[in-house]
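To start, the structure itself, in structure tokens.
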Amino acid sequence: MQAKITVTETWLRKHRHLYDGATRHPFIRSIRDGNIDISAFKTWLGQDYIFVRAFVPFVASVLTKAYKGSDDGNGDVEVILGGVAALHDEISWFKKEAFKWGAQLSNIVPQKANQEYCRFLESLISPEVEYTVAAVAFWAIENIYQESFAYCLEDDSKTPPELKETCQRWGNESFGEYCNSLRNIVDRQLEKGSDDVITKAEATLLRVLEHEVDFWNMSHGRT
Ligand SMILES: Cc1ncc(CN)c(N)n1
């Protein structure tokens, strides 16, 4: 018997071009090809630190929605709680990495693309945004980083050794499994979602893809 095609699979097929634009962006390709401009990397590092700090309250809101809104026999809360814990490590890692590169994190001004992305996250914190819609954004945000950085670790990549640890952070297998758990949560929710929620969730996925591309563009000095 053939496996049923999930909603996320349908979306990824339908929006493949946009999705690849986020996971195979020239900034990521420049890491993978070994010709990344280190000043672009440092820009990304500082801006992403600001982003991750704004990401924490968003993920906490998804956790609250999971607690209230899912019949949590499936363990959604535990998976999302694991994500919160990983973000704690991620913030420490940014501080350590910034020190390594001689970058200051305390006086970084968020650039326009980052401000807009953080505002978008804030809009999703609203209790009016359904759990399913917020969970789709969460999965997409994590999964794009996972696929992007895993691409830089493939056998034929020429990623500079000093950037391998960065790529491992999101490109490693266990982060991949965590993203798959998020995807399962999302598909389970979408399976029972109303047409209205499914439409909103798909639109939210597209907004995430646009924000991620803008974020890479900003890091790459294309704004
Ligand atoms: C912009 C962005 N997108 C996703 C991630 C993965 N948490 C991140 N750190 N930054």
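Every number for a ligand or one of its atoms is a count from 1 in the order of the listing. Below, each value reflects all heavy atoms present in this structure, side chains not excepted, and no hydrogens, waters or symmetry copies.
- No side-chain heavy atom of Thr23 sits less than 4.5 Å from a side-chain heavy atom of Glu212.
- Ser39 and Asp37 are linked by a side-chain donor-acceptor pair at a separation below 3.5 angstrom, with hydrogens and angles left out of the test.
- Under the 30°/60° scheme for interplanar angles, the aromatic rings of Phe51 and Tyr117 are found to be tilted.
- Each of the following atoms of ligand 1 lies closer than 4.0 Å to a heavy atom of Phe215: 1 (C).
- Between Tyr117 and ligand 1, no pair of N/O atoms sits closer than 3.5 Å.
- Residues Tyr178 and Glu142 have side chains that bring a donor and an acceptor to within less than 3.5 angstrom of each other.
- Aromatic ring orientation, Phe138 versus Phe58: perpendicular (interplanar angle above 60°, classes split at 30° and 60°).
- Listed by number with element, the atoms of ligand 1 under 4.0 Å from a non-hydrogen atom of Val52 are 9 (N).
- Near Glu90, the atoms of ligand 1 lying under 4.0 angstrom from a non-hydrogen atom of the residue are 7 (N), 9 (N).
- Between atom 2 (C) of ligand 1 and the options Phe94, Tyr49, Tyr145, the minimum heavy-atom separation is to Tyr145.
- Contact analysis leaves His211 out of contact with ligand 1, as no non-hydrogen atom separation drops below 4.0 angstrom.
- For ligand 1, the atoms closer than 4.0 angstrom to any heavy atom of Glu142 are 6 (C), 7 (N).
- Listed by chain and number, the residues in a ring pair (Phe, Tyr, Trp, His ring centres under 6.0 Å) with Phe41 are Trp44, Trp101 (sequence neighbours excluded).
- Close approach to Glu212 involves these atoms of ligand 1, each under 4.0 Å from a residue heavy atom: 1 (C), 2 (C), 3 (N), 4 (C).
- Near Phe55, the atoms of ligand 1 lying under 4.0 angstrom from a non-hydrogen atom of the residue are 7 (N).
- Both the backbone and the side chain of Ile141 come within 4.0 Å of ligand 1, judged by heavy-atom distances.
- The pair Glu9-Arg183 meets the salt-bridge criterion, with a side-chain N (NZ, NE, NH1 or NH2) lying under 4.0 Å from an Asp/Glu carboxylate O.
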